[in-house]
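First comes the structure, then the notes that go with it.
As the structure lists them, so they are numbered: ligands from 1, and atoms in each ligand from 1.
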Amino acid sequence: MPIPTPNKGRLFDARVVANELVSGEIHRIVLEVGELARMLRAGQFVNVAVPGQPRQLTRIPLSFTQTDDDAGTIELVYALIGPGTAQLSRVEAGSTLSVLGPLGNGWRIPEDATRALLVAGGTGTVPIFAAALACAAAGIAADVVVGARTKDLLWGIDELKARVSGEIITSTDDGSAGEKGFASVPALELLAKRDYDLVLVCGPEPLMKAVSARAIEGGVPCEVSLERTMACGFGACSTCAVKTVRGMKGACMDGPVFDASEVVFP
Ligand SMILES: Cc1cc2nc3c(=O)[nH]c(=O)nc-3n(C[C@H](O)[C@H](O)[C@H](O)COP(=O)(O)OP(=O)(O)OC[C@H]3O[C@@H](n4cnc5c(N)ncnc54)[C@H](O)[C@@H]3O)c2cc1C
Ligand code: FES
């Protein structure tokens with residue numbers, strides 16, 4: 001039985017169904033979370049407590065790629081960054097974790113949109129993957145640009161090609177797969193060549209800044225999902241501040257998805 005918390009999101013017990021290496025430093029974990037699977041919307045995130053982690057109170061914020069409402073499962077894809085994610089990669093199938101969610105505001109995808117441009121860099125691919133599936137479910141064509149540092153960090157491309165109606169373009173900084181260079185290059189080319197009624201971006205801030213500036217210039221609604229260090233995940237600690245035209249906002253409660261025209265990028 002989920003325990004209600006005073007803030008947004010509730011605590012759920014999550015049984016680990018699978019936890020495996022995808023490639024490079026990228027791992028995938030599938031969690032059985034019951035009704036949380038049905039509650040999550042693309043672009044929202046969960047906070048995962050890792051057993052054996054002394055910082056367990058702070059938890060690890062992670063987006064999800066997809067949910068299976070019938071099985072009550074969610075899939076998270078995460079990069080090994082530090083001690084928390086390293087410990088998470090060692091958790092075995094059959095164990096139980098504590099997950100807080102759903103957290104934050106997801107992508108706002110208008111039902112009457114016909115074509116979207118989705119742009120991901122690095123682990124930004126996770127919420128963009130969820131957005132691509134949401135577009136497919138709503139009958140919206142989506143061109144998806146996925147960029148990574150190198151080939152080993154690109155994942156999910158075949159699944160995107162199979163499930164999304166639109167062009168899927170990959171890029172790597174070192175040219176080991178797809179186009180050589182930053183994801184912003186094919187993204188800006190697509191923006192110049194096609195009409196979109198929606199642009200969604202998640203990745204390094206220079207990527208979000210460049211693509212959103214061009215979208216706004218062209219009058220295309222654009223949202224960005226901002227990653228910040230998050231201690232609590234529910235508005236209590238102010239570690240996740242984002243500078244906006246309306247003053248400082250919290251990425252955990254007001255975001256992580258923001259209207260790009262409101263964000264003041266450095
Ligand atoms: C809303 C949200 C969704 C996220 N979704 C995903 C996801 O789907 N997949 C994924 O791989 N990662 C995701 N992240 C990032 C993930 O939470 C961090 O990589 C993780 O917390 C690192 O924990 P750690 O204990 O392994 O490393 P730590 O010891 O906490 O960190 C190692 C280093 O990385 C830096 N760092 C940690 N977290 C962040 C951050 N959020 N932004 C910038 N620098 C950071 C630290 O300052 C430190 O220098 C998300 C973050 C947020 C805020
Ligand atoms: S993470 Fe604590 S206020 Fe946002």
Side-chain angles (χ1 to χ4, degrees), residues 5-9 19-31 40-67 74-91 97 99-107 120-133 146 148-149 152-156 200-208 223-244 248-258 263 266:
T5 64
N7 294 292
K8 228 172 159 188
N19 191 17
E20 61 200 15
L21 178 71
V22 173
S23 76
E25 65 204 39
I26 305 294
H27 289 249
R28 161 187 181 270
I29 190 166
V30 179
L31 300 172
L40 280 164
R41 296 288 167 265
Q44 289 188 301
F45 66 102
V46 294
N47 262 353
V48 180
V50 183
Q53 251 296 321
R55 304 178 321 150
Q56 200 171 29
L57 268 181
T58 62
R59 296 172 176 257
I60 300 179
L62 292 173
S63 309
F64 68 95
T65 47
Q66 54 189 317
T67 61
I74 58 174
E75 179 188 75
L76 315 178
V77 175
Y78 60 97
L80 293 190
I81 297 294
T85 43
Q87 180 69 16
L88 184 61
S89 71
R90 292 190 283 270
V91 170
L97 303 176
V99 169
L100 179 66
L103 295 171
N105 294 308
W107 305 109
T123 53
T125 306
V126 179
I128 287 294
F129 194 102
L133 297 188
V146 180
R149 273 184 281 123
D152 278 357
L153 304 177
L154 275 179
W155 51 270
L200 309 179
V201 198
C202 186
E205 298 225 348
L207 172 69
M208 293 194 282
E223 292 191 329
V224 290
S225 179
L226 299 176
E227 255 195 32
R228 289 288 183 274
T229 304
M230 287 186 184
C232 72
F234 46 70
C237 72
S238 305
T239 57
C240 64
V242 170
K243 193 170 179 190
T244 76
M248 299 307 283
K249 301 273 181 187
C252 66
M253 295 288 281
D254 302 309
V257 174
F258 288 87
V263 176

Under a 4.0 angstrom heavy-atom cut-off, which atoms of ligand 1 come close to [X]?
{"X": "Phe45", "value": "1 (C)"}
{"X": "Thr85", "value": "24 (P), 25 (O), 26 (O)"}
{"X": "Thr123", "value": "9 (N), 10 (C), 11 (O)"}
{"X": "Val126", "value": "8 (O)"}
{"X": "Gly82", "value": "24 (P), 26 (O), 27 (O)"}
{"X": "Met230", "value": "1 (C), 53 (C)"}

TODO: Please step through side-chain contact (heavy atoms from CB on, under 4.5 Å) for the pair Phe258 and Leu226, ending with a clear verdict.
DONE: CA-CA 8 Å; Phe258 288 87; Leu226 299 176; 3.7 Å; yes

TODO: Please verify whether a non-hydrogen atom of Ala231 lies at under 4.0 Å from ligand 2.
DONE: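 Yes, Ala231 has a heavy atom closer than 4.0 Å to ligand 2.
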
- [ ] To the nearest 10 degrees, calculate the angle at atom 4 (Fe) of ligand 2 involving SG of Cys252 and SG of Cys240.
- [x]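 Roughly 100°, rounded to 10°.
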
TODO: Only one of His27, Glu25, Arg28 passes side-chain contact (heavy atoms from CB on, under 4.5 Å) with Tyr78; say which it is.
DONE: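 Of the listed residues His27, Glu25, Arg28, the side-chain contact (heavy atoms from CB on, under 4.5 Å) partner of Tyr78 is His27.
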
Task: ligand 1 versus Leu62: contacting region, heavy-atom distance under 4.0 Å - done: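 It is both parts that get close, each with some atom under 4.0 Å.
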
- [ ] Mind checking whether Val77 contacts ligand 1 via backbone (N, CA, C, O), side chain (CB onward), both or neither, at a 4.0 Å heavy-atom cut-off?
- [x]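 Val77 to ligand 1: backbone contact only, side chain stays beyond 4.0 Å.
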
Hey, could you give me the [atom1]/[atom2] distance between [X] and [Y], rounded to the nearest 0.5 Å?
{"X": "Met253", "Y": "Cys240", "atom1": "CE", "atom2": "SG", "result": "9.5 Å"}
{"X": "Thr123", "Y": "Ile81", "atom1": "OG1", "atom2": "CD1", "result": "6.5 Å"}
{"X": "Ile26", "Y": "Thr85", "atom1": "CD1", "atom2": "OG1", "result": "10.0 Å"}
{"X": "Leu97", "Y": "Leu31", "atom1": "CG", "atom2": "CG", "result": "6.0 Å"}

Minimum non-hydrogen distance to [atom], winning option of [options]:
{"atom": "atom 3 (S) of ligand 2", "options": "Ser238, Ala241, Pro256", "value": "Ser238"}
{"atom": "atom 33 (C) of ligand 1", "options": "Leu88, Ile81, Ile60, Asn47", "value": "Ile81"}
{"atom": "atom 52 (C) of ligand 1", "options": "Gln87, Glu227, Gln44", "value": "Glu227"}

Which atoms from ligand 2 have a heavy atom of [X] less than 4.0 Å away?
{"X": "Met230", "answer": "1 (S)"}
{"X": "Gly235", "answer": "3 (S)"}
{"X": "Gly233", "answer": "1 (S), 2 (Fe)"}
{"X": "Thr239", "answer": "1 (S)"}

Least distance between heavy atoms, [X] atom then [Y] atom:
{"X": "Gln44", "Y": "Leu103", "answer": "CB-O, 3.4 Å"}
{"X": "Leu40", "Y": "Pro102", "answer": "CD2-CB, 3.5 Å"}
{"X": "Ala120", "Y": "Thr125", "answer": "CB-CA, 3.5 Å"}
{"X": "Phe234", "Y": "Leu100", "answer": "CD2-CD2, 3.7 Å"}
{"X": "Leu153", "Y": "Ser23", "answer": "N-OG, 4.5 Å"}
{"X": "Val99", "Y": "Val48", "answer": "CG2-CG2, 4.3 Å"}

Any N or O on [X] sitting closer than 3.5 Å to an N or O of ligand 1?
{"X": "Gly84", "answer": "yes"}
{"X": "Ala86", "answer": "no"}
{"X": "Pro61", "answer": "yes"}
{"X": "Ala79", "answer": "yes"}
{"X": "Tyr78", "answer": "no"}
{"X": "Pro256", "answer": "no"}

TODO: Please step through side-chain contact (heavy atoms from CB on, under 4.5 Å) for the pair Ile128 and Trp107, ending with a clear verdict.
DONE: CA-CA 9 Å; Ile128 287 294; Trp107 305 109; 3.8 Å; yes

Open item on the list: Are there over 12 heavy-atom neighbours, none belonging to Arg228, within less than 6.0 Å of that residue's CZ?
Closed with: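 Enclosed: over 12 neighbouring heavy atoms sit under 6.0 Å from CZ of Arg228.
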
TODO: Please find out if atom 2 (Fe) of ligand 2 and some N, O or S atom of Cys237 are separated by less than 2.8 Å.
DONE: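 For Cys237, the answer is yes, given that an N, O or S atom comes within less than 2.8 Å of atom 2 (Fe) of ligand 2.
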
